[in-house]
Amino acid sequence: MLYGKENREEAAYLDPIFGSNSEGCDLPKYKLNQKSVEPRIAYQLVQDELLDEGNARLNLATFCQTYMEPEAEKLMSQTLAKNAIDKSEYPRTAELENRCVNMIGDLWHAQADEKFIGTSTIGSSEACMLGGMAMKFAWRKRAEKLGVDIHARKPNLVISSGYQVCWEKFCVYWDVELREVPLDSKHLSLNLDHVMDYVDEYTIGIVGILGITYTGRYDNIAELNEIVEEHNRNTPHKVYIHVDAASGGLYAPFVEPELIWDFQLNNVVSINASGHKYGLVYPGVGWVLWRDQKFLPEELVFKVSYLGGELPTMAINFSHSAAQLIGQYYNFVRYGFEGYQEIHQKTHKVAQYLADAIAACDRFELINDGSHLPIVCYKLKDPDAQEWTLYDLADRLLMKGWQVPAYPLPKNLDQQVIQRLVIRADLGMNMACDYVQDMQAAIHDLDRAHLVYHEKKTIKTYGFTH
Ligand SMILES: *Cc1c(COP(=O)(O)O)cnc(C)c1O
């Protein structure tokens with residue numbers, strides 16, 4: 001979010017660059033300049049502005065894809081102008097989206113006797129918004145039929161406190177109470193002993209998370225499904241599960257195909273994933289699927305014209321570029337099942353190597369060892385044994401270009417500061433070895449440092465953690 005700038009005088013480009021005449025004028029930074037400038041100058045100015053940003057490949061903070069093949073980039077830049085919503089003008093693009101939904105439905109074991117339905121989105125946030133809305137509308141219908149006074153209380157959504165911020169947004173935007181099942185040191189994922197204590201007649205659904213953003217842990221969806229099954233057997237007030245598989249949805253099916261978490265479980269009614277996380281596409285694409293059309297209330301489906309006819313759509317956004325969608329389809333065609341599997345297994349191996357190296361350091365205790373999602377996170381074994389904190393370590397690593405966030409765990413565990421590495425396909429073993437060396441050197445330096453910047457007692461979020 002951006003705020004107005006007060007000192008507008010200072011806020012101008014003052015010096016000409018690279019000695020061109022047309023560079024000899026001042027350009028304001030916070031209002032439009034009066035005249036236009038040459039493309040070359042605009043290009044140079046903007047590029048220079050971006051020079052000191054982090055190097056995406058060294059960013060171990062983000063789940064988002066930071067590398068695509070040149071062919072994918074070429075296709076995507078050639079298709080930037082296509083508008084994904086304009087199905088009538090771009091029917092082939094619409095068909096590619098349709099194929100992607102089918103491929104993902106297959107990957108998530110959509111059942112033959114049901115009619116799955118799904119759509120692309122801008123990312124998991126939009127996908128979760130749609131999944132949440134469908135749950136809310138479907139609950140309202142069920143509750144009204146059962147004679148529940150739906151206006152007496154706010155509906156609620158049950159999720160572990162390790163939720164990603166999009167669920168908080170969903171609850172604020174659509175006036176739903178967010179019921180958090182707290183994480184505790186024994187339960188670093190959804191606490192199944194207590195989850196049903198939070199469920200009542202006003203519960204629109206339970207969200208299971210396949211890859212908690214903070215730690216990389218998976219909620220046990222199969223066991224949750226059993227608990228919900230038992231609950232639904234004994235009450236007319238049924239509740240269903242949405243799986244937020246933003247990161248795991250396009251990872252687990254390849255690396256742990258035996259893990260049962262998807263539409264094989266009959267109470268899992270909808271699932272979302274980010275194409276731009278382990279779907280290996282640059283930021284801007286996500287997916288949401290319902291196991292059967294009956295779980296997607298028809299009020300939420302709108303019609304757009306398509307080749308003289310109509311096509312159902314469901315999205316919060318309208319116009320946006322189809323390039324990411326096409327990038328996703330390219331990846332599916334290019335890699336196939338085995339390609340994704342190989343890439344993700346390699347990423348898994350790098351995560352194991354890093355987890356082992358970090359454990360071997362003796363300073364840290366692993367909280368997630370990358371055995372499911374390739375996320376390694378750890379805390380200091382004995383914070384009092386040295387002068388420095390994980391924030392200082394993050395600083396030293398940043399000197400080498402590595403972006404590694406340090407932050408407290410969610411509510412209840414927020415006295416615990418951890419550091420997290422998200423391993424992506426473009427972090428090869430060579431780079432991982434370099435990282436370990438840099439980390440060892442950083443620890444060596446910090447042990448001998450006399451000046452530390454971060455108060456030992458301060459708990460804060462440092463770096464990008466979403
Ligand atoms: C990343 C993430 C999101 C948000 O996904 P975007 O694609 O960035 O909108 C939602 N839920 C979880 C669990 C995530 O990890």
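Count residues from 1 along the sequence.
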Is it true that [X] and [Y] make a salt bridge, defined as a side-chain N closer than 4.0 Å to a carboxylate O?
| X | Y | result |
| --- | --- | --- |
| Glu114 | Arg291 | yes |
| Asp447 | Arg363 | yes |
| Asp426 | Arg424 | yes |
| Glu144 | Arg140 | no |
| Lys87 | Glu97 | yes |

Roughly how far, to the nearest 0.5 Å, is [atom2] of [Y] from [atom1] of [X]?
| X | Y | atom1 | atom2 | result |
| --- | --- | --- | --- | --- |
| Asp392 | Ile443 | CG | CD1 | 12.0 Å |
| Trp388 | Leu393 | CH2 | CG | 5.5 Å |
| Ile221 | Gln264 | CD1 | CD | 13.0 Å |
| Leu427 | Lys346 | CG | NZ | 8.0 Å |

Please work out whether the ring planes of [X] and [Y] are parallel, tilted or perpendicular, with thresholds of 30° and 60°.
| X | Y | result |
| --- | --- | --- |
| Phe295 | Tyr240 | perpendicular |
| Trp174 | Phe170 | tilted |
| Tyr340 | Phe332 | tilted |

For residues [X] and [Y], determine if any side-chain heavy atom of one lies less than 4.5 Å from a side-chain heavy atom of the other.
| X | Y | result |
| --- | --- | --- |
| Lys82 | Ile326 | yes |
| Val268 | Ile271 | yes |
| Ile212 | Leu188 | no |
| Leu130 | Met133 | yes |
| Leu183 | Lys411 | no |
| Thr62 | Val422 | no |
| Thr93 | Leu96 | no |
| Val199 | Ile206 | yes |

Just checking, any donor-acceptor pair under 3.5 angstrom between side chains of [X] and [Y]?
| X | Y | answer |
| --- | --- | --- |
| Tyr198 | Glu180 | no |
| Asp113 | Gln111 | no |
| Glu256 | Tyr251 | no |
| Asn102 | Asn98 | yes |
| His194 | Asn191 | no |
| Asn225 | Asn267 | yes |
| Gln65 | His276 | no |
| Asn220 | Trp261 | no |
| Tyr163 | Glu168 | yes |
| Arg99 | Tyr329 | yes |
| Thr215 | Asn368 | no |
| Asp244 | Trp167 | yes |

If you draw the axis of the six-membered ring of Phe364, does the NZ or CZ of Lys381 fall within 45° of it and under 6.0 Å from the ring centre?
no
Has Lys460 got its NZ or CZ under 6.0 Å from the middle of the six-membered ring of Tyr407, at an angle within 45 degrees of the ring axis?
no
Main-chain N/O of [Y] paired to [X] side chain as donor or acceptor, under 3.5 Å:
| X | Y | value |
| --- | --- | --- |
| Asp356 | Tyr353 | no |
| Asp219 | Leu190 | yes |
| Glu126 | Asn317 | yes |
| Arg420 | Pro405 | no |
| Ser321 | Leu80 | yes |
| Gln403 | Leu60 | no |
| Thr235 | Asn232 | no |
| Trp108 | Gly249 | yes |
| His344 | Leu250 | yes |
| Lys303 | Leu311 | no |

Which pair of non-hydrogen atoms, one from [X] and one from [Y], has the smallest distance, and what is that distance?
| X | Y | answer |
| --- | --- | --- |
| Asp438 | Trp402 | OD2-NE1, 2.8 Å |
| Met76 | Gln324 | CE-CA, 3.9 Å |
| Ile343 | Ala425 | CG2-CB, 3.5 Å |
| Thr461 | Pro408 | OG1-CD, 3.7 Å |

Could I get the full list of salt bridge (charged side-chain N to carboxylate O under 4.0 Å, His left out) partners for [X], not counting sequence neighbours?
| X | answer |
| --- | --- |
| Glu299 | Lys141 |
| Arg179 | Glu177, Asp200 |
| Glu229 | none |

Side chain to side chain donor-acceptor pair (under 3.5 Å), that's the test. Do Asn272 and Trp287 meet it? Break it down for me.
CA-CA 5 Å; Asn272 69 274; Trp287 302 95; over 6 Å; no
Run Met68 and Asn331 through side chain to side chain contact (heavy atoms under 4.5 Å, CB included) and show every step you take.
CA-CA 9 Å; Met68 286 185 83; Asn331 276 355; 3.9 Å; yes
Val269 and Phe263: CA distance, side-chain angles, deciding distance, side chain to side chain contact (heavy atoms under 4.5 Å, CB included) verdict:
CA-CA 7 Å; Val269 297; Phe263 294 135; 6.0 Å; no
Determine, step by step, whether Phe116 and Trp290 satisfy the ring pair (Phe, Tyr, Trp, His ring centres under 6.0 Å) criterion, reporting the C-alpha distance in whole Å, the side-chain angles of both residues, the deciding distance to 0.1 Å, and the verdict.
CA-CA 6 Å; Phe116 72 90; Trp290 289 266; over 10 Å; no
Residue pair Tyr378, Leu390: steps toward the side chain to side chain contact (heavy atoms under 4.5 Å, CB included) verdict:
CA-CA 10 Å; Tyr378 48 92; Leu390 290 175; 4.3 Å; yes
Show your working on side chain to side chain contact (heavy atoms under 4.5 Å, CB included) between Val376 and Ile367 and close with a plain yes or no.
CA-CA 8 Å; Val376 177; Ile367 293 175; over 6 Å; no
